[in-house]
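Okay, structure first, notes after.
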Number of protein chains: 2
Amino acid sequence: MPDQKRVTIKDVARETGLAMSTVSNALAGKDLVKPKTRAFVVETAERLGYRASIVARSLRAQRSYAIGVLIEDVSNPSASAFVRGVEDVANSVGCTLLLADTDSDLERQVMAMRTLIDRQVDGLVLISQHLDDSRVREMLTAGTPSVLVQRRDPRLPLDYVGSDNTGGVIEALRYISRIGHKRVGFVTGPIHSSSVLERLETFQATAAELGFEDPESLIHEGRYSFGSGLEAAGFFSGLRTPPTCILASNDMNAIGLMQGLSERGMATPRDVSVVGLDDIDLAGFKAIDLTTVRLEKRAIGAEAARLLLRRVDEPDRPAESSILPTRLIVRGTTAPLT
Amino acid sequence: MPDQKRVTIKDVARETGLAMSTVSNALAGKDLVKPKTRAFVVETAERLGYRASIVARSLRAQRSYAIGVLIEDVSNPSASAFVRGVEDVANSVGCTLLLADTDSDLERQVMAMRTLIDRQVDGLVLISQHLDDSRVREMLTAGTPSVLVQRRDPRLPLDYVGSDNTGGVIEALRYISRIGHKRVGFVTGPIHSSSVLERLETFQATAAELGFEDPESLIHEGRYSFGSGLEAAGFFSGLRTPPTCILASNDMNAIGLMQGLSERGMATPRDVSVVGLDDIDLAGFKAIDLTTVRLEKRAIGAEAARLLLRRVDEPDRPAESSILPTRLIVRGTTAPLT
DNA sequence: TTGTATGCGTTATCAG
DNA sequence: CTGATAACGCATACAA
């Protein structure tokens, strides 16, 4: 049980009677060693239970083959799918994930970023985070490749991956309009996010285009949470003329919204239609059955990892944006206006 | 942008005119250096933007200040809360989380364990994993401290953290009995898990004690998933005399079960009461409103990290088990038998 | 094709 | 109290 001494390359060298460098080369699969030697080395290494130390390799290579992921809360179903996507790609090239939750707290984020950078991660994936702090901006431009997910920032020359917010909102609103709604509410997410801004602007423009009634008065600033949905229900139900359909900031928000409306005697979709944005697993369950704009989060995470790895190899290529399509999934929380 | 050269302890030493070792000691806060020197060093280090390399430190210390977490799927809401708990404690002592998803695939798990061990993680937290493979068992007993979560194994001398499966099932069944049910169904989880076995045995014993009707015929082997719940609905609804109440393997399973039952014209709780096990966020939403046995997953994760860290310091203490209490949360999916 | 020597950045040991 | 040196394990440049 007392950690038996580590078997190192040196041990394998001694055992085979070869030099450390030969063993290293053999194990690395370089064609500098003759097949027979390599086979012998490999076999011996295996026999001795040799395992290369990634720590030592990292120090030597000045690269850790690890990717840091910053997320608000992994246990939030609206966010964790991104992580899977990042991991899918990272693993495929031998990278490990270092995970840090920030709970949207700036100081936690700063500390987490420092730690990850001190660990010399090959790169950082930022999933919806604070970008306005000077310490954050400094770290983001200090050499560690970083990619922004779902929140872009024109001031930062970084790769970005997000979803087609404009297209998603347009598709949803057109559908809503098509089934007869004219008074349509909109719950924003946290306004510091570029995705939220894009959606808001699209809502305003499209609402005008489709001739919705008084859209400005039907915009409610919210967050990506169940609780915020509950609050929004209070707002909308308190209006003199409530909307007949509401586009929520995300699925969790939509679910809270529906619960809040229901508590006030407004049933979905009988009295109010509701549209989400996410398509979390939950949205597909019959008990919820939420009409929503699907975001391909796992794909977004994967794309983020791809951009990041590319940047590790070519640090000087210009910043790139990758926008993944969205798709409206019509389910049971929307009904034609009668 | 080309990664400006790293500022090392050597640079700080040169700049201050002191020796590397003195700088190291000063920065480490040892009382070997006189306060004035320390202040000078700290100030200079800060000015130069010095950041200690955790990689180098890890190589030197043969310890990475990182904890590996193996989980089936972080994006599964029934599991991710454990991760948060582990992280809470890990972060509080300066450890970072290395995350690996296995998708319940043995080979993926073996690879992930190898990688994590090669990275010299201080310890491993295994959340519901395969333990029956010889390679896994070997790694688990080869020196890297490990703690088992939700699945214990008497053959493995490892720390274990789980919830009070026995108490939870008893509390649920007593409540079910109290509101008049006599025919009670039970969906197991995957039978290789000790938690599942404990629950099953408790179900059998308690069902007998409470005088339930023909309990053995009302046991269905399932998994922890929505899909398995759907299947279970098929099983139970096909019985000559279906149960009036069903205890599901977990919340997701319960939700699938309810959906499946509903598709077959059986409403919850009108026709069948359903009890879950987990208390995921979702369970509290009005649209679901699931009666369930709450597992304190974040607390379990935290406890796992605590045991692990203790074992890192004292590798030779005997293996320990920590069982956290459960609690029945009565909501709307259970109703008295009429 | 194989061997030797060196450095990645830290910290511990030991000498001054 | 401070300084010099070695070692953690690997991979590379260069020599043989």
Side-chain angles (χ1 to χ4, degrees), chain A residues 3-42 44-45 48-66 94 115 117-122 143, chain B residues 3-42 44-45 48-66 94 115 117-122 143:
Chain A
D3 327 31
Q4 49 265 39
K5 225 179 207 59
R6 215 187 155 73
V7 178
T8 75
I9 235 178
K10 197 185 252 169
D11 298 313
V12 180
R14 183 166 345 103
E15 183 76 10
T16 55
L18 294 163
M20 279 170 56
S21 56
T22 306
V23 173
S24 175
N25 283 329
L27 260 19
K30 304 237 171 130
D31 40 349
L32 305 163
V33 297
K34 95 176 125 188
K36 214 173 128 191
T37 313
R38 182 195 341 287
F40 179 47
V41 169
V42 169
T44 310
L48 297 183
Y50 168 77
R51 301 250 81 209
S53 158
I54 301 187
V55 173
R57 175 178 299 164
S58 299
L59 178 60
R60 167 69 222 220
Q62 294 294 61
R63 177 177 184 335
S64 64
Y65 300 91
T115 304
I117 292 172
D118 289 350
R119 283 182 182 274
Q120 283 162 269
V121 290
D122 295 348
Chain B
D3 327 33
Q4 50 266 44
K5 228 180 204 59
R6 218 190 153 70
V7 178
T8 75
I9 240 179
K10 199 184 250 169
D11 299 314
V12 180
R14 182 166 345 103
E15 182 77 9
T16 55
L18 294 164
M20 280 168 54
S21 51
T22 305
V23 173
S24 174
N25 284 329
L27 258 20
K30 304 231 172 137
D31 40 348
L32 304 162
V33 296
K34 107 176 114 184
K36 216 173 127 190
T37 313
R38 188 205 323 297
F40 179 47
V41 169
V42 168
T44 309
L48 297 184
Y50 168 76
R51 302 250 79 209
S53 157
I54 301 186
V55 174
R57 176 178 298 164
S58 297
L59 178 60
R60 169 68 221 212
Q62 293 293 63
R63 178 179 184 330
S64 64
Y65 299 92
T115 303
I117 291 172
D118 289 350
R119 283 184 183 273
Q120 281 160 274
V121 291
D122 294 350

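All chains are named by letter (A, B, ...) in the order of the sequence lines, taking the proteins before the strands, and each is independently numbered beginning at 1.
- Between chain A and DNA chain C, the heavy-atom contact criterion of under 4.0 Å yields a 5' to 3' nucleotide range of C/dT1 to C/dG9.
- When the side chain to side chain donor-acceptor pair (under 3.5 Å) test is applied to B/T22, no partner is found at least two apart in sequence or on another chain.
- In this structure, A/R38 has no side chain to side chain donor-acceptor pair (under 3.5 Å) partners at least two apart in sequence or on a different chain.
- By the side-chain contact (heavy atoms from CB on, under 4.5 Å) test, B/Y50 pairs with B/V7, B/I9, B/V12, B/L27, B/A45, B/A52, sequence neighbours left out.
- A/V41 places a side-chain heavy atom less than 4.5 Å from the side chain of A/L18.
- Residue pairs that meet the salt bridge (charged side-chain N to carboxylate O under 4.0 Å, His left out) test with at least one member in residues 13-26 of chain A, sequence neighbours left out, are A/D11-A/R14, A/E15-A/R47.
- Shown here are the side chain to side chain donor-acceptor pair (under 3.5 Å) partners of A/S53, two or more places apart in sequence or in another chain: B/Q120.
- Listed by first and then second residue, the salt bridge (charged side-chain N to carboxylate O under 4.0 Å, His left out) pairs that reach into residues 50-61 of chain B are A/D118-B/R51, sequence neighbours excluded.
- Two end axes, each from the C1' atoms of five base pairs, can be drawn for the helix from C/dT1-D/dA16 to C/dG16-D/dC1; they diverge by 40°, to 10 degrees.
- Between B/V23 and B/T16, the closest side-chain pair of non-hydrogen atoms falls below 4.5 Å.
- Take B/D122 and apply the side chain to side chain donor-acceptor pair (under 3.5 Å) test, not counting sequence neighbours, and it matches B/R63.
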Sugar-phosphate atoms are those with a prime plus P, OP1 and OP2; base atoms are the rest. Using that split, label each nucleotide of nucleotides 8-16 of chain D B, S or - for protein heavy atoms under 4.0 Å, 5' to 3'. BBBBB----

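- Applying a 4.0 Å cut-off to non-hydrogen atoms, the residues of residues 34-42 of chain B that approach DNA chain D are B/K34, B/T37, listed by residue number.
- Atom CZ in B/R119 sits 11.0 Å away from atom OG in B/S58 (nearest 0.5 Å).
- From B/N25, atom CG reaches atom CG of B/D31 across 9.5 Å, with rounding to the nearest 0.5 Å.
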